[in-house]
K.L.:
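Pasting a structure here, questions to come.
Chain A is the first sequence line, chain B the second, and so forth, proteins listed ahead of strands; every chain is numbered from 1.
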Protein chains: 2
Amino acid sequence: MRTAEADDLLARLKDVGLRATTQRRVIVEALLAQGDHITAEELTEIVKARYPEVHLATVYRTLEVLESLGALYRLSLGHEPTQWHLTERAHQHLVCDVCGRVQEVSDPAFARLAASLMKAHGFHPDLRHVALRGRCSGCASG
Amino acid sequence: MRTAEADDLLARLKDVGLRATTQRRVIVEALLAQGDHITAEELTEIVKARYPEVHLATVYRTLEVLESLGALYRLSLGHEPTQWHLTERAHQHLVCDVCGRVQEVSDPAFARLAASLMKAHGFHPDLRHVALRGRCSGCASG
DNA sequence: GTAATTGCAAAGCTTTTGCAATTTA
DNA sequence: TAAATTGCAAAAGCTTTGCAATTAC
């Protein structure tokens, strides 16, 4: 299950002085192989198939590290345990109605919105086409 | 701090066979008086100023009841305790790129998105003007 | 009067953390 | 070899729940 994506993520770990351990590789590969979202416990179960000694705490710590890298984000709605998602790289646009400034952002919040809409309404938004109107930081405070 | 909004919420409780207790009134009024979001613990502190004996567990139960009414929704990102928000009644539009159907929805997920964007980018989206493109439930499954 | 609700205390669950042993670079 | 990481166990923190007493309708 070794992939270029997994190698890339592990390389990014090394870039910031962290280490590419066997556990982290297995966890990363499981994350990439898995679909849309997963909990720490589910991920641990999957990882244990290949690396039985891995501990839930290690999974939590690895998820945290990957989050700090921006590779993952967490989503916890309601009562259930936190769901972890791979950060998508799609871009969205924030258009200021006052000054006209257009901000290009890539924010996990949009993926969260998409997930909610799919669940609640069965609607699959196309996040490549999102442009929100509003007021930018400068114009909102003035 | 009695307001028409508070009366309305308590009336909605009664409509479903629940009771309008003093505790619930005080909690609801504190929620409405307060700004954007609040945690159960913060809310309890505020409520205690008027009703010292109120218990955190009662606040949690009341929040849950109001959530079931759709008056509130919870947002828990990251490590902090859950933030509770009043559900906004703004409408958004979901436009199907395949069949052209337009769905009008009022979904707390949009308010969550707005909160995230404000925090991350200082951008204040105007949720009255949101229209998302994508595929509706029928066209997405086909 | 009956059913819902409350306060309290205790339990539940997810997530985090201290530490000694191990492993990576 | 020095610093990072792991497994384990224990703790932490938020939230929920059982129960007897109280309160709303």
K.L.:
Check the distance between dA25(C)'s C1' and Arg24(A)'s CZ and give it to me in whole angstrom.
P.N.:
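Rounding to the nearest Å, CZ of Arg24(A) and C1' of dA25(C) are 13 Å apart.
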
K.L.:
Can a salt bridge be assigned to the pair Lys48(B) and Glu53(B) using a cut-off of 4.0 Å between side-chain N and carboxylate O?
P.N.:
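Between Glu53(B) and Lys48(B) there is no salt bridge, as every charged N stays at least 4.0 Å from the carboxylate O atoms.
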
K.L.:
Between Ile27(B) and Tyr51(B), is there a side-chain heavy-atom distance shorter than 4.5 Å?
P.N.:
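Counting from C-beta outward, Tyr51(B) and Ile27(B) never come under 4.5 Å.
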
K.L.:
Between Leu56(B) and Thr22(B), which is nearer to the 5' end of DNA chain D once each is assigned its nearest nucleotide?
P.N.:
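So the residue in question is Leu56(B).
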
K.L.:
Side chains of Val95(A) and Leu132(A): does their closest heavy-atom pair fall under 4.5 Å?
P.N.:
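With C-beta onward as the side chain, the pair stays apart.
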
K.L.:
Between atom CD in Gln83(A) and atom P in dT14(C), what is the gap in whole Å?
P.N.:
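About 12 Å, once rounded to whole Å.
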
K.L.:
Are Thr58(A) and Arg24(A) linked by a side-chain donor-acceptor pair shorter than 3.5 Å?
P.N.:
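Thr58(A) vs Arg24(A): no donor-acceptor pair found between side chains.
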
K.L.:
Measure the distance from CZ on Arg61(A) to P on dT22(C) and round it to the nearest whole Å.
P.N.:
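In whole Å, dT22(C) P lies 16 Å from Arg61(A) CZ.
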
K.L.:
Round to a whole Å and report the spacing from CG of Leu43(A) to P of dT14(C).
P.N.:
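Spelled out: CG on Leu43(A) to P on dT14(C) is 15 Å.
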
K.L.:
Is Thr82(A) near enough to dT15(C) that one of its side-chain N or O atoms lies under 4.0 angstrom from OP1 or OP2?
P.N.:
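True: Thr82(A) side-chain N/O within range (under 4.0 Å) of dT15(C) OP1/OP2.
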
K.L.:
How many Å lie between CZ on Arg19(B) and P on dA4(C), as a whole number?
P.N.:
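So the two atoms are 7 Å apart, to the nearest Å.
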
K.L.:
Check every nucleotide of DNA chain D for an atom under 4.0 Å from a heavy-atom of chain A, then give the first and the last such nucleotide from 5' to 3'.
P.N.:
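On DNA chain D, the outermost contacted nucleotides are dA3(D) to dT16(D).
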
K.L.:
Could you check whether Lys119(B) pairs with Asp107(A) (Lys NZ or Arg NE/NH1/NH2 to Asp/Glu carboxylate O, under 4.0 Å)?
P.N.:
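No salt bridge links Lys119(B) with Asp107(A).
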
K.L.:
Would you check if Thr39(B) and Gln83(B) make a side-chain contact, meaning some heavy-atom pair closer than 4.5 Å?
P.N.:
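When only atoms from C-beta onward are counted, Gln83(B) and Thr39(B) do touch, with a gap below 4.5 Å.
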
K.L.:
Considering only side-chain heavy atoms of Glu41(A), which listed nucleotide, dT14(C), dA25(C), dA4(C), is closest?
P.N.:
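For Glu41(A), the side-chain atoms sit closest to dT14(C).
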
K.L.:
Is Arg74(B) salt-bridged to Glu67(B), cutoff N-O under 4.0 Å?
P.N.:
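Yes, charged N to carboxylate O under 4.0 Å.
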
K.L.:
Of Glu64(B) and Tyr51(A), whose closest DNA chain D nucleotide lies nearer the 5' terminus?
P.N.:
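On the 5' side of the pair lies Tyr51(A).
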
K.L.:
Whole angstrom is fine here: how far is it from CG in Leu18(A) over to P in dA25(C)?
P.N.:
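Those two atoms, CG and P, are 11 Å apart.
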
K.L.:
To the nearest Å, how far apart are Arg25(A) CZ and dT24(C) C1'?
P.N.:
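Computing the Arg25(A):CZ to dT24(C):C1' distance gives 14 Å.
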
K.L.:
Rounded to the Å, how far apart are Lys14(B) NZ and dT5(C) C1'?
P.N.:
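It is 14 Å, rounded to the nearest whole Å.
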
